[in-house]
Number of protein chains: 2
Amino acid sequence: MQIINMSEMNVEVARKKLAELLKKKKLRSTVERSAILDEALATEGHFEADDLLAILKTKGVKTSRATIYRTLELLCDLGFLRKVCFREAHLHFQKITDEPRREHLICTNCGAQIEVQLPQIAEINQRLCAESDFRMTDYCFNIFGICSKCAKGNE
Amino acid sequence: MQIINMSEMNVEVARKKLAELLKKKKLRSTVERSAILDEALATEGHFEADDLLAILKTKGVKTSRATIYRTLELLCDLGFLRKVCFREAHLHFQKITDEPRREHLICTNCGAQIEVQLPQIAEINQRLCAESDFRMTDYCFNIFGICSKCAKGNE
DNA sequence: TTGATTGCAAATCCTTTGCAGGGAA
DNA sequence: TTCCCTGCAAAGGATTTGCAATCAA
């Protein structure tokens, strides 16, 4: 996964970039991929797969739910989009203690979880909540990526 | 939602606390709720609803999936458990730009999202990844709680 | 006795997958 | 022509819900 600077990227440039990246990966350019990228980049903030499908439908772009999901995954791989996790479905649970909470570096390849302690997080949270007059009940912080083992294995 | 210090809490104390909190909320004490709390607190690290059901089954505790879900939700409300979000299901997407990324304070009552910028997060991530020889591709950070509007509304 | 709680099964929601047809290279 | 990509429909997994029976208070 690579990072692309999309701050000033217009539709034309984005499409060109997409074509280029697809070619590099020996994947094909299709109208669906192009349309989904256009719409994803036109969206401010975050969106769900189904939002995109609905918007495309209203614009007369015919595509399927399966393609949306496959393409969004692809656009993440190519570095156009990121996944954002809100806490909605498929949850894990953990007991609450007064031990310092641990955060996780999660390897998206092998699933390994490296635990780390981050005392700064508590301070940051406190400050943020004070500033916004927000009463925190919980937070989540996770880092996703490739662990050293997997990085070595793929070389 | 309240925070309970469970670091030195044994089964007895936890059960007593549960009974007390249930009473305060005019909810009933049941063997299922007790068993689920016991098992949840006996678990190191995090677990899923189905994990718990399986463990209870092996221990001869008869309960249903529906009760597990309902009770875990309750135990979160009562402050015994927290929800942990890993990035697995029901994702949102967001385009990648070079603008500083914003994090969210999410009101669990009204759904309002307050955006904040946190330059420190990038530094923290860099340090963590360096320490653990981890190649980050993404992260998530969200704070959950009650926004000022909802806090006022409920007074 | 009363109504909160349970278990079951069905429903729901989001996502993935198998497969045959269509289209890019 | 090749075989990647699509759409459909079915499958999948996690979670929620309606309802009748059960059980705590």
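Small disclaimer: the values here were computed from a predicted structure and weren't measured. Every chain is numbered from 1 and lettered A, B, ... according to where its sequence line falls, protein lines coming before strand lines.
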Taking atom P of dA14(D) as reference, at what distance in whole Å does atom CZ of Arg65(B) sit? 8 Å

Any non-hydrogen side-chain atom of Leu128(B) less than 4.5 Å from a side-chain atom of Leu118(A)? yes

Partners meeting side-chain hydrogen bond (donor to acceptor under 3.5 Å, both in side chains) with Arg127(B) (sequence neighbours left out): Glu131(B)

Any side-chain N or O of Thr67(A) less than 4.0 Å from the OP1 or OP2 oxygen of dG7(D)? yes

Per Arg28(A) side chain, nearest of listed nucleotides dG3(C), dC8(D), dA25(C): dA25(C)

Whole Å only: how far is the CG atom of Leu72(A) from the P atom of dC5(D)? 16 Å

With sequence neighbours excluded, what pairs up with Asn125(B) under the side-chain hydrogen bond (donor to acceptor under 3.5 Å, both in side chains) test? none

Starting at the 5' end of DNA chain D and moving along, which residue's nearest nucleotide shows up first, Asp50(B) or Thr30(B)? Asp50(B)

Any Leu105(A) side-chain heavy atom under 4.5 Å of Glu115(A) side chain: no

Quick one: are Leu81(A) and Leu37(A) in side-chain contact, heavy atoms under 4.5 Å? no

N/O (side chain, Ser64(B)) to phosphate O (OP1/OP2, dT6(C)) under 4.0 Å: no

Please report the distance, rounded to the nearest Å, between CG in Leu27(A) and C1' in dA24(C). 12 Å

Looking for any heavy atom pair under 4.0 Å, which part of the strands does Arg33(A) touch: base, sugar-phosphate only, or nothing? sugar-phosphate

With sequence neighbours left out, write down each residue that passes side chain to side chain contact (heavy atoms under 4.5 Å, CB included) with Gln126(A), or none if nothing qualifies. none

Check the distance between dC5(D)'s P and Arg70(A)'s CZ and give it to me in whole angstrom. 10 Å

Measure CZ/Phe47(A) against P/dC14(C) and give the value in whole Å, please. 15 Å

Just by distance, no angles: are the side chains of Tyr139(B) and Glu103(A) close enough, under 3.5 Å, to form a donor-acceptor pair? no

Starting from P on dC4(D), measure out to CG on Leu74(A) and report it in whole angstrom. 14 Å

Compare side-chain N and O positions of Tyr69(A) against OP1 and OP2 of dT16(C) and report whether any pair is under 4.0 Å apart. no

Which part of the nucleic acid, if any, lies within reach of Lys26(A) when heavy atoms closer than 4.0 Å are counted: base, sugar-phosphate only, or nothing? nothing

Atom of Phe141(A), atom of Ile121(A) and distance for their closest heavy-atom approach: CD2-CD1, 4.0 Å

Figure out the CG/P separation between Leu56(A) and dG7(D), and round it to whole Å. 11 Å

Which donor-acceptor pairs under 3.5 Å do the side chains of residues 60-67 of chain B make with protein atoms, sequence neighbours left out?
unit_1	atom_1	unit_2	atom_2	d
Ser64(B)	OG	Thr67(B)	N	3.2
Ser64(B)	OG	Thr67(B)	OG1	3.1
Arg65(B)	NE	Asp50(B)	OD1	2.8
Arg65(B)	NH2	Asp50(B)	OD1	3.3
Arg65(B)	NH2	Asp50(B)	OD2	3.3

Global bending angle along the helix from dT1(C)-dA25(D) to dA25(C)-dT1(D), which compares the axes of five pairs at either end, to 10 degrees: 30°

In Å, rounded to the nearest 0.5 Å, how long is the span from CD of Glu39(A) to CD1 of Ile68(A)? 9.5 Å

In whole Å, I'd like the distance from the CD atom of Glu73(A) to the C1' atom of dT15(C). 11 Å

Distances for protein N or O near nucleotides 9-12 of chain C N or O, under 3.5 Å:
none

Please determine whether a side-chain nitrogen or oxygen atom of Thr63(B) lies at a distance below 4.0 Å from atom OP1 or OP2 of dT6(C). no

